[in-house]
**Q** 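My questions all concern the structure below.
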Amino acid sequence: MDSSKLLISLVILQTIFLPFSSIQADPTNSNLFREYIGAEFNNVRFTDVPINSNVEFHFILSFAIDYTTSSSPSPTNGNFNVFWDSDNLDPSQVSSIKSDHPNVKVALSLGGDSVGGGSAYFNPSSIDSWVQNAVSSLTKIIKEYNLDGIDIDYEHFSADPATFAECIGRLLTTLKQTQVISFASIAPYDDDEIQSHYKALWSKYGHLIDYVNFQFYAYDKGTSVSQFLTYFETQSSNYKGGKILPSFSTDGSGGLSPEDGFFTACSKLRSQGELHGIFIWSADDSMANGFRYEKRSQAMLASNN
């Protein structure tokens with residue numbers, strides 16, 4: 001190839017690839033709002049929650065768990081069952097809320113903290129069998145409910161980090177390749193065992209994970225704005241390149257509350273191009289306050305447009 005043709009080829013390659021690389025590397029704000037719903041069985045419905053048409057809105061059904069639905073639940077090695085309030089959050093209601101609000105998507109979350117009064121453990125018999133069962137059972141649930149994505153929220157483990165990473169990584173790979181889901185997220189918090197498992201997953205399969213729903217409300221109650229921002233930067237480093245979403249809980253459990261400066265912290269993140277969205281735990285708890293913080297969160301995010 002002569003020098004003139006080589007130069008033209010290089011210019012074409014730069015035109016194709018450099019803008020994409022720059023977009024990926026640059027900090028970006030987002031109008032994404034996410035909220036967990038259905039774990040506490042207090043009759044909350046999708047239609048109870050205010051939805052701002054100027055945000056991208058994700059409901060996250062909580063939870064699907066690979067345990068039996070008996071009075072004494074036991075692990076099922078990847079055969080998932082619905083454990084959210086399906087009487088009030090059923091397939092027809094998913095279809096209805098998505099039809100009425102084109103900006104709404106609905107996901108399901110796996111695991112959670114507890115089941116039947118005990119801890120919900122990630123407890124595979126083997127990697128291959130767990131993945132096979134999980135793909136089959138979750139595909140069925142996702143299609144039945146017309147869902148769009150998946151969230152990983154295991155908080156207790158009977159398997160090492162490498163096994164967890166391989167099981168979840170293969171699951172996400174298959175569900176994305178078969179177009180059963182269009183997005184995936186993880187929901188770790190600052191605990192040594194939790195972080196060892198999720199960082200192992202991120203290290204090998206982070207390219208499949210669209211959002212990190214970091215549970216900042218698991219930090220101590222009374223967290224200050226400056227502490228929150230330090231925590232955010234720490235987790236951004238732990239999940240380097242990930243879209244870390246700031247969060248709070250409406251059950252008053254911990255972290256930086258809206259009353260104590262959560263939205264001030266979000267304004268700072270936005271000024272740095274790091275406000276990738278906001279998520280709340282949970283709609284079930286927010287019913288008592290009329291969803292006022294959902295409204296405020298979405299109003300803030302809508303201004304990112």
**Q** Is a side-chain donor or acceptor of Glu56 paired with a backbone partner of Asn31 at a separation under 3.5 angstrom?
**A**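 Side chain of Glu56 to backbone of Asn31: no pair is present.
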**Q** Is it true that Ile60 and Met287 fall in one hydrophobic cluster, defined by side-chain heavy atoms closer than 4.5 Å?
**A**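 Ile60 does not cluster with Met287.
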**Q** I would like to know whether Asp100 and Ile51 meet side-chain contact (heavy atoms from CB on, under 4.5 Å); could you show each step before the answer?
**A** CA-CA 10 Å; Asp100 291 344; Ile51 297 170; over 6 Å; no
**Q** Using modelled atom types only, decide if a donor and an acceptor are shared between the side chain of Ser286 and the backbone of Phe291 within a distance under 3.5 Å.
**A**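 Checked: no pair found.
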**Q** Is there a path of hydrophobic side-chain contacts, each under 4.5 Å between heavy atoms of I/L/V/M/F/W/Y residues, joining Leu269 to Ile280?
**A**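 Hydrophobic grouping puts Ile280 with Leu269.
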**Q** Ring centres under 6.0 Å, that's the criterion: do Phe59 and Phe46 meet it?
**A**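 For Phe59 and Phe46, the ring centres are under 6.0 Å apart.
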**Q** Among Phe262, Tyr36, Phe33, find the one that has a ring pair (Phe, Tyr, Trp, His ring centres under 6.0 Å) with Phe279.
**A**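 It is Tyr36, the one option of Phe262, Tyr36, Phe33 that forms the ring pair (Phe, Tyr, Trp, His ring centres under 6.0 Å) with Phe279.
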**Q** State, to 0.1 Å, how close Ser282 and Thr250 come at their nearest heavy-atom pair, and which atoms those are.
**A**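 That would be O-OG1, 3.1 Å.
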**Q** Just to verify, which of Tyr121, Tyr198, Tyr205 counts as forming a ring pair (Phe, Tyr, Trp, His ring centres under 6.0 Å) with Phe164?
**A**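 Per the ring pair (Phe, Tyr, Trp, His ring centres under 6.0 Å) rule, the option paired with Phe164 is Tyr198, out of Tyr121, Tyr198, Tyr205.
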**Q** Return the CD1 to CG distance between Ile278 and Leu32, rounded to the nearest 0.5 Å.
**A**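 Going from CD1 on Ile278 over to CG on Leu32, the span is 9.5 Å.
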**Q** Measuring only between side-chain heavy atoms, which start at C-beta, is Asp260 closer than 4.5 Å to Ser257?
**A**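 A side-chain contact under 4.5 Å exists here.
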**Q** Calculate, to the nearest 0.5 Å, the distance between atoms NE2 and OG belonging to His101 and Ser53 respectively.
**A**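 Going from the NE2 atom of His101 to the OG atom of Ser53 covers 9.0 Å.
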**Q** Just do the side-chain hydrogen bond (donor to acceptor under 3.5 Å, both in side chains) check on Asn79 and Asp66 with the steps written out, would you?
**A** CA-CA 5 Å; Asn79 284 305; Asp66 53 333; over 6 Å; no
**Q** I'd like to know if the side chain of Ser267 and the backbone of Phe263 have a donor-acceptor N/O pair within less than 3.5 Å.
**A**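 Confirmed, Ser267 side chain pairs with Phe263 backbone.
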**Q** Within the structure provided, determine whether Asn304 and Ser30 are in side-chain contact (heavy-atom separation under 4.5 Å).
**A**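 A side-chain contact is absent here, since even the closest heavy-atom pair is not under 4.5 Å.
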**Q** Could you check whether any side-chain heavy atom of Leu275 comes within less than 4.5 Å of a side-chain heavy atom of Leu301, counting everything from C-beta outward?
**A**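 In short, these two side chains touch, coming nearer than 4.5 Å.
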**Q** Do you reckon Ile141 sits in the same ILVMFWY cluster as Val131, going by side-chain contacts under 4.5 Å, direct or chained?
**A**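 Yes: a chain of side-chain contacts under 4.5 Å links Ile141 to Val131.
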**Q** Atom OG in Ser249, atom CG in Leu256: separation rounded to 0.5 Å?
**A**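 Ser249 atom OG to Leu256 atom CG measures 12.5 Å (nearest 0.5 Å).
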**Q** Could you tell me whether the side chain of Ser126 and the main chain of Ser129 form a donor-acceptor pair under 3.5 Å?
**A**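 Pair found, side chain donor or acceptor close to backbone of Ser129.
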**Q** With a sphere of 6.0 Å drawn around CD of Gln132, does it hold more than 12 non-hydrogen atoms of other residues, nucleotides or ligands?
**A**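 For Gln132, atom CD is not crowded (no more than 12 foreign heavy atoms under 6.0 Å).
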**Q** Using modelled atom types and a 3.5 Å cut-off, is there a donor and acceptor pairing between side-chain atoms of Thr173 and backbone atoms of Gly169?
**A**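 The answer is yes, because a donor-acceptor pair under 3.5 Å joins these two groups.
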**Q** Look at the aromatic rings of Phe216 and Phe228 and report parallel, tilted or perpendicular, splitting at 30° and 60°.
**A**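 Plane angle between 30° and 60°, so tilted.
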**Q** Go through Arg270 and Asn29 one step at a time and tell me if the side-chain hydrogen bond (donor to acceptor under 3.5 Å, both in side chains) criterion holds.
**A** CA-CA 6 Å; Arg270 180 165 61 185; Asn29 295 316; over 6 Å; no
**Q** Report whether Ile37 and Phe57 are members of the same hydrophobic cluster (ILVMFWY, side-chain heavy atoms less than 4.5 Å apart, transitive linking).
**A**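 Result: yes, single cluster for both.
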**Q** Distance only, no hydrogens: is a donor on one side chain within 3.5 Å (strictly under) of an acceptor on the other, for Thr68 and Ser70?
**A**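 Side-chain D/A pair, Thr68 to Ser70: present.
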**Q** Take Trp84 and Leu108 through the test side-chain contact (heavy atoms from CB on, under 4.5 Å) and record every step on the way to the result.
**A** CA-CA 9 Å; Trp84 64 77; Leu108 57 74; 4.0 Å; yes
**Q** Evaluate Ser96 against Gln93 for side-chain hydrogen bond (donor to acceptor under 3.5 Å, both in side chains), listing each step before the verdict.
**A** CA-CA 5 Å; Ser96 179; Gln93 289 158 335; over 6 Å; no
**Q** Would you say Leu171 and Val180 are hydrophobically clustered, going by side-chain heavy atoms of ILVMFWY under 4.5 Å?
**A**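 They do share one cluster, since a chain of ILVMFWY contacts under 4.5 Å joins Leu171 to Val180.
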**Q** So which atom in Ala64 and which in Leu138 form the shortest heavy-atom distance, rounded to 0.1 Å?
**A**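 Smallest heavy-atom distance, with atoms named: CB-CD2, 4.5 Å.
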**Q** Under a 3.5 Å distance rule, please check whether Ser196 uses its side chain to pair with a backbone N or O of Glu193 as donor and acceptor.
**A**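 Confirmed, Ser196 side chain pairs with Glu193 backbone.
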**Q** Verify side-chain contact (heavy atoms from CB on, under 4.5 Å) between Ser297 and Met300, making sure each step is shown before the conclusion.
**A** CA-CA 5 Å; Ser297 296; Met300 181 178 206; 5.9 Å; no
**Q** Distance from Asn42 atom CG to Asp285 atom CG, nearest 0.5 Å?
**A**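 Taking CG in Asn42 and CG in Asp285, the distance rounds to 7.5 Å.
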**Q** Can you confirm whether Ile186 sits close enough to Asn213 that some side-chain heavy atom of one is under 4.5 Å from a side-chain heavy atom of the other?
**A**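 Ile186 vs Asn213: side chains apart.
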**Q** Would a distance-only check, ignoring hydrogens and angles, find a side-chain to backbone donor-acceptor pair under 3.5 Å from Lys98 to Asn146?
**A**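 Yes, because the side chain of Lys98 sits within donor-acceptor range (under 3.5 Å) of the backbone of Asn146.
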**Q** Output the distance between atom CG (Asp192) and atom NZ (Lys199), rounded to the nearest 0.5 Å.
**A**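 These two atoms lie 9.0 Å from each other.
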**Q** I'd like to know if Arg170 pairs up with Glu166 as an ion pair, taking the criterion as any Lys NZ or Arg NE/NH1/NH2 lying under 4.0 Å from an Asp or Glu carboxylate oxygen.
**A**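 Result for this pair is yes, salt bridge flagged.
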**Q** Minimum heavy-atom separation for Ala302 to Asn52, with atom names?
**A**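 Result for this residue pair: CB-ND2, 4.0 Å.
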**Q** At their closest point, which heavy atom of Val44 faces which heavy atom of Gly38, and how far apart are they?
**A**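 Result for this residue pair: CG1-N, 4.3 Å.
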**Q** Would you say the ring centers of Trp281 and Phe248 fall short of 6.0 Å from each other?
**A**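 No; Phe248 has its ring centre 6.0 Å or more from that of Trp281.
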**Q** Looking at every heavy atom in both Ser125 and Asn77, which two are closest together, and how far apart are they?
**A**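 Scanning both residues, the minimum pair turns out to be N-OD1, 2.8 Å.
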**Q** Does a side-chain heavy-atom distance below 4.5 Å link Lys140 with Phe80?
**A**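 Counting from C-beta outward, Lys140 and Phe80 never come under 4.5 Å.
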**Q** Do Tyr211 and Arg34 make a side-chain contact, defined as non-hydrogen atoms from C-beta onward lying under 4.5 Å apart?
**A**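 A side-chain contact exists here, since the closest heavy-atom pair is under 4.5 Å.
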**Q** Would the distance check show the side chain of Asn81 and the main-chain N or O of Tyr67 forming a donor-acceptor pair, the cut-off being under 3.5 Å?
**A**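 Side chain of Asn81 to backbone of Tyr67: a pair is present.
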**Q** Donor-acceptor pair, Gln215 side chain versus Ala187 backbone, under 3.5 Å?
**A**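 Yes, the answer is positive, given that a donor and an acceptor are paired below the 3.5 Å cut-off.
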**Q** Return yes if a side-chain donor-acceptor contact under 3.5 Å exists between Asp148 and Ser182, otherwise no.
**A**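 Distance-only check fails for Asp148 and Ser182.
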**Q** Please check if atom NZ in Lys176 has more than 12 non-hydrogen atoms from other residues, nucleotides or ligands closer than 6.0 Å.
**A**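 Yes.
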**Q** Take atom CD in Gln179; do more than 12 heavy atoms of anything else shown fall under 6.0 Å from it?
**A**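 Check fails, neighbour count at 12 or below.
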**Q** Closest approach of Phe232 and Glu274, non-hydrogen atoms and distance?
**A**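 Closest heavy-atom pair between Phe232 and Glu274: CZ-O, 3.6 Å.
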**Q** Would you give the length of the straight line joining atom CD1 of Ile65 to atom OG1 of Thr76, rounded to the nearest 0.5 angstrom?
**A**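 Spacing of CD1 (Ile65) from OG1 (Thr76) equals 10.0 Å.
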**Q** With heavy-atom distances below 4.5 Å as the criterion, would you say the side chains of Tyr231 and Asp190 are in contact?
**A**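 They are not in contact (no side-chain heavy atoms under 4.5 Å apart), so the answer is no.
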**Q** For the residue pair His58 and Phe183, is the inter-centroid distance of their aromatic rings smaller than 6.0 Å?
**A**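 Yes, close enough.
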**Q** Is the side chain of Asp160 donor-acceptor paired with the backbone N or O of Thr163 at a distance under 3.5 Å, no angle test?
**A**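 Flag set: sc Asp160 to bb Thr163 pair under 3.5 Å.
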**Q** Do Tyr154 and Phe63 come within less than 4.5 Å of each other through their side chains, counting heavy atoms only?
**A**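 No, side chains not in contact.
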**Q** Would you sort out whether Leu110 and Asp153 count as a side-chain contact (heavy atoms from CB on, under 4.5 Å), showing the intermediate values?
**A** CA-CA 5 Å; Leu110 306 187; Asp153 189 22; over 6 Å; no
